[in-house]
Amino acid sequence: MDCLLRQADSLETLSEVVVDSAATTAHLRTLHGEKMDRWGTLVLAYKTLGVVFGGLVTSPLYVYPSIKFLKSPTEEDYLGIFSIIFWTLTLIGVVKYASIALKADDQGEGGTFALYSLLCRHMNIGILSSKRASTNSSLSHSMDEVTKKQSKLGIFFESSVVARRVLLFVAILGMCMLIGDGILTPAISVLSAMDGLRAPFPSVSKSLVEALSATVLVVLFLLQKFGTSRVSFLFSPIMGMWTLTTPIVGIYSIIHHYPRIFKALSPHYIVHFFLRNGKEGWLLLGGTVLCITGSEALFADLGHFNRSSIQIAFFFTIYPSLVLTYAGQTAYLIKNPNDHDDGFYKFIPTAVYWPIFIVATSAAIVASQSLISATFSVIKQSVVLDYFPRVKVVHTSRSKEGEVYSPEVNYILMILCVAVILIFGDGKDIGNAFGVVVSLVMLITTILLTLVMIIIWRTPCGLVALYFSVFFVMEGVYVSAVCTKIHEGGWIPFAISFFLALIMFGWFYGRQRKMEYELTHKIPLDRLGMLLSDPSVQRVPGLCFFYTNIQDGLTPVLGHYIKNMKSLHKVTIFTTLRYSLVPKVAPRERIVIKKLGLKGVYGCVVHYGYADSLNLDGDDFVGQVTASLRVHIQNCSDGRPSSPMEIQEEISDLEQAKQAGVAHVRGKTRFYIGKSCSWFDRIMLAFYELLHNNCRSALPALWVPLPQRIEVGMLYEA
């Protein structure tokens with residue numbers, strides 16, 4: 001007995017040791033995982049230098065040259081300008097974007113459009129209404145929970161058509177302006193850097209600088225197909241050198257020219273500047289606003305990285321580098337007040353001029369990357385939400401869904417950037433256009449963030465009022481200043497934005513009219529039963545995916561197809577590709593199957609968020625849907641009792657149909673514009689047809705083989 005007790009004690013001791021060992025191992029693994037996470041975040045923070053902050057950290061290249069200076073600037077004037085730049089960087093860069101905006105992500109996605117979709121999901125508004133979400137999904141359940149606790153402002157937006165349209169217009173304008181930013185940032189960054197050739201070589205003409213800048217941009221856009229990760233890995237060392245070298249030069253300039261420069265951090269220098277210069281000082285803001293260039297990319301590129309990595313890079317490298325660089329530039333200009341037209345290269349010491357020129361040119365090229373990546377992100381978001389004509393979107397990373405590339409958008413951006421340089425070669429004209437874009441995008445983000453605070457975050461009214469009053473007034477003053485530059489190049493972003501907004505509105509209007517027609521003329525299930533009961537209609541062997549845009553009923557193309565073809569496949573799955581107002585949909589909620597009450601006829605809704613990949617292989621897509629259907633049949637998920645024989649027969653019919661051949665049928669619909677149509681409908685629907693005929697089909701996104709595609713033409717009467 002004693003022996004057994006001793007063995008039991010030893011086993012208990014051994015078990016405790018094993019448990020302690022396992023706990024220790026788990027703890028070590030946790031610590032190792034946290035260490036790896038921290039290390040991974042630091043690596044991402046390093047990569048953000050090459051993508052996110054390029055436009056922001058290279059702004060010293062063109063801020064002072066873009067400022068419409070006073071006739072005889074004094075020491076007090078320069079101290080006031082530096083104080084404006086410092087507080088703009090601090091309030092808008094540190095407080096608004098890095099500390100507040102990055103927390104308003106839509107499940108990892110950032111930018112103006114992500115804010116709009118976030119508001120739409122919580123208020124049940126927008127082009128994609130809640131009825132287009134899955135009825136048995138947790139997504140709709142969470143939306144219902146939020147709607148029950150809706151704020152008064154949210155209820156106002158849900159009940160007011162005008163308010164919803166204004167919100168949509170603001171979101172579209174913000175997206176268009178960001179794309180305009182993606183066109184102007186590469187142009188002004190590279191042009192400003194290459195202009196450094198003209199100081200040591202006066203014989204270098206302006207035209208040659210423009211041609212070299214255009215060549216550099218063409219090469220940059222050709223590199224985009226390799227993806228953000230590879231590009232950032234290549235570019236981050238360059239931006240690291242720039243971020244390190246420019247503040248060192250700035251410190252040298254401060255010590256050598258004006259060591260007391262940091263007394264300008266006191267805001268009273270701003271007050272004295274405006275009291276002394278009045279209207280001229282206000283107009284000067286059109287140039288100083290460029291110091292915060294690229295701050296919107298800090299938010300819009302969130303999907304390519306994460307919040308922590310962007311904040312670490314900004315707080316510990318970008319912000320200190322910018323403050324010291326601008327301080328050094330200002331210190332130099334206080335002693336050399338008439339050198340402001342070339343406020344960057346003039347303050348570089350002669351001994352390091354060429355190394356800094358090489359770094360500056362390389363950094364300017366990298367600076368373009370931040371807005372190019374942001375443009376790809378917002379275009380992809382708008383395409384999958386059906387706000388923009390379909391273009392090809394390529395996912396360039398297996399681990400980061402936010403990393404995307406669009407060939408069509410890339411080459412259009414390249415052509416527009418080169419055109420801006422060759423047509424508007426004057427850096428001041430491009431700077432004026434740039435100022436309009438930067439200030440308007442910031443103002444729109446402030447408005448949308450205020451709505452997020454009130455409706456979603458339920459921030460106390462006092463804090464919301466403080467945030468809105470500070471940033472709306474500050475950015476409103478900037479907007480008022482840059483709007484005076486409309487005739488001096490500021491019209492460029494408005495022209496770009498108007499063209500993009502016209503495309504988006506034309507596409508949206510056509511899609512809405514098409515949806516209205518389909519909902520009005522949809523085929524109910526009892527009508528389908530009557531069509532199939534016709535003796536002349538045959539059920540042919542095979543599996544058919546019949547694509548439809550509506551869930552409550554069937555597309556009118558189906559009736560047109562049956563009446564003319566007199567047949568329907570033995571197993572037909574009416575498939576709806578549904579983009580929900582969320583970035584990503586959980587795998588278990590992606591494919592929703594249901595029986596439609598007729599033999600061999602099923603309904604399928606495939607849910608995708610705007611950050612999900614739809615690039616499935618055609619066979620893989622068929623396999624996923626049929627596997628879900630098989631599980632659905634076996635579980636009798638519709639609640640209808642079925643005998644084991646019936647279940648086996650149904651599964652057997654599915655397998656036989658799949659082996660007989662798969663067909664993907666979709667409608668190729670067009671509007672018939674009759675004489676009774678209004679002139680507005682004639683113009684907008686004709687424009688929509690032009691866009692629709694030149695955009696990509698939805699089916700190639702699933703990589704459906706060409707022999708399996710069938711398109712059924714039908715005219716919709718407008």
Side-chain angles (χ1 to χ4, degrees), residues 87-126 129-130 141-175 177 267 270-271 289 292 295-296 298-300 302 307 310-311 314-315 438-480 581-583:
W87 285 106
T88 300
L89 283 170
T90 302
L91 290 175
I92 296 179
V94 175
V95 178
K96 176 185 169 181
Y97 279 102
S99 301
I100 300 175
L102 288 180
K103 294 180 181 178
D105 65 293
D106 192 9
Q107 297 185 22
E109 294 288 327
T112 305
F113 228 62
L115 286 176
Y116 175 68
S117 70
L118 189 65
L119 289 167
C120 287
R121 284 200 294 115
H122 284 79
M123 292 192 294
N124 191 20
I125 64 170
S129 61
S130 62
H141 175 71
S142 62
M143 185 180 290
D144 291 339
E145 290 295 320
V146 172
T147 305
K148 289 177 184 176
K149 307 179 223 177
Q150 191 61 271
S151 65
K152 291 182 180 179
L153 185 60
I155 294 170
F156 168 72
F157 272 100
E158 289 183 352
S159 60
S160 173
V161 176
V162 175
R164 294 200 301 270
R165 288 178 178 174
V166 169
L167 183 62
L168 173 62
F169 171 76
V170 168
I172 288 177
L173 181 62
M175 196 197 85
M177 282 292 175
I270 300 176
V271 177
V289 71
I292 203 66
S295 56
E296 186 66 27
L298 180 152
F299 183 33
L302 184 58
R307 183 193 309 162
I310 292 174
Q311 288 177 330
F314 181 76
F315 290 138
V438 171
S439 56
L440 279 175
V441 169
M442 289 191 306
L443 190 63
I444 289 169
T445 301
T446 293
I447 294 170
L448 294 178
L449 267 176
T450 303
L451 294 176
V452 169
M453 287 180 180
I454 297 171
I455 296 170
I456 302 174
W457 292 351
R458 304 299 174 86
T459 306
C461 295
L463 292 177
V464 174
L466 178 64
Y467 167 83
F468 185 75
S469 58
V470 169
F471 291 104
F472 188 81
V473 170
M474 183 179 180
E475 292 162 0
V477 171
Y478 271 127
V479 169
S480 66
L581 283 171
V582 293

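Judged purely by atom type and a 3.5 angstrom limit, Ser160 has no side-chain atom pairing as donor or acceptor with the backbone of Phe156. In this structure, Ser99 contributes its side chain and Val94 its backbone to a donor-acceptor pair below 3.5 Å.
Counting only heavy atoms from C-beta outward, the side chains of Ile292 and Tyr97 never approach each other to under 4.5 Å. With a 4.5 Å cut-off on side-chain heavy atoms, Val452 and Leu119 count as touching. Two residues are said to be in side-chain contact when any heavy atoms from C-beta on lie closer than 4.5 Å; Tyr116 and Ile172 fail this criterion. Looking only at side-chain heavy atoms (C-beta outward), Lys96 and Glu475 come within less than 4.5 Å of each other. A 4.5 Å side-chain heavy-atom check between Ile100 and Met453 finds at least one atom pair inside the cut-off.
Leu102 meets the side-chain contact (heavy atoms from CB on, under 4.5 Å) test with Leu298, Phe299, Leu302, Arg307, Ile310, Gln311; sequence neighbours excluded. When the side-chain contact (heavy atoms from CB on, under 4.5 Å) test is applied to Val166, the partners found at least two apart in sequence or on another chain are Val162, Val170. Among residues two or more places apart in sequence or in another chain, the ring pair (Phe, Tyr, Trp, His ring centres under 6.0 Å) test is passed with Phe468 by Phe472. Among residues two or more places apart in sequence or in another chain, the side chain to side chain donor-acceptor pair (under 3.5 Å) test is passed with Thr445 by Glu296. Under the side-chain contact (heavy atoms from CB on, under 4.5 Å) criterion, Ala465 pairs with no residue at all, not counting sequence neighbours. Contacts of Leu463 classified as side-chain contact (heavy atoms from CB on, under 4.5 Å), with partners at least two apart in sequence or in another chain: Thr459, Pro460.
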request  = Kindly determine whether Met123 and Leu167 satisfy side chain to side chain contact (heavy atoms under 4.5 Å, CB included), including the steps that lead there.
outcome  = CA-CA 12 Å; Met123 292 192 294; Leu167 183 62; 4.1 Å; yes
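Minimum heavy-atom separation, Tyr467 to Thr446: OH-CA, 3.6 Å. Nearest heavy-atom pair across Ile455 and Phe157 is CD1-CD1, 4.4 Å. Here the shortest heavy-atom pairing between Leu118 and Ala104 reads CD2-O, 4.0 Å. Shortest non-hydrogen contact noted between Ser480 and Val477 is OG-O, 2.6 Å. In this structure, Ala114 and Ser117 approach most closely via the heavy-atom pair O-OG, 3.0 Å. The shortest non-hydrogen separation linking Thr112 to Ala171 is CG2-O, 3.9 Å.
In this structure, OG1 in Thr450 is found 10.0 Å from CH2 in Trp457, a value given to the nearest 0.5 Å. The CG atom of Leu449 sits 12.0 Å away from atom CD1 of Ile444, with the distance rounded to the nearest 0.5 Å.
With Met177 as reference, Leu440 is the one residue of Leu440, Leu443, Val438 to meet the side-chain contact (heavy atoms from CB on, under 4.5 Å) rule.
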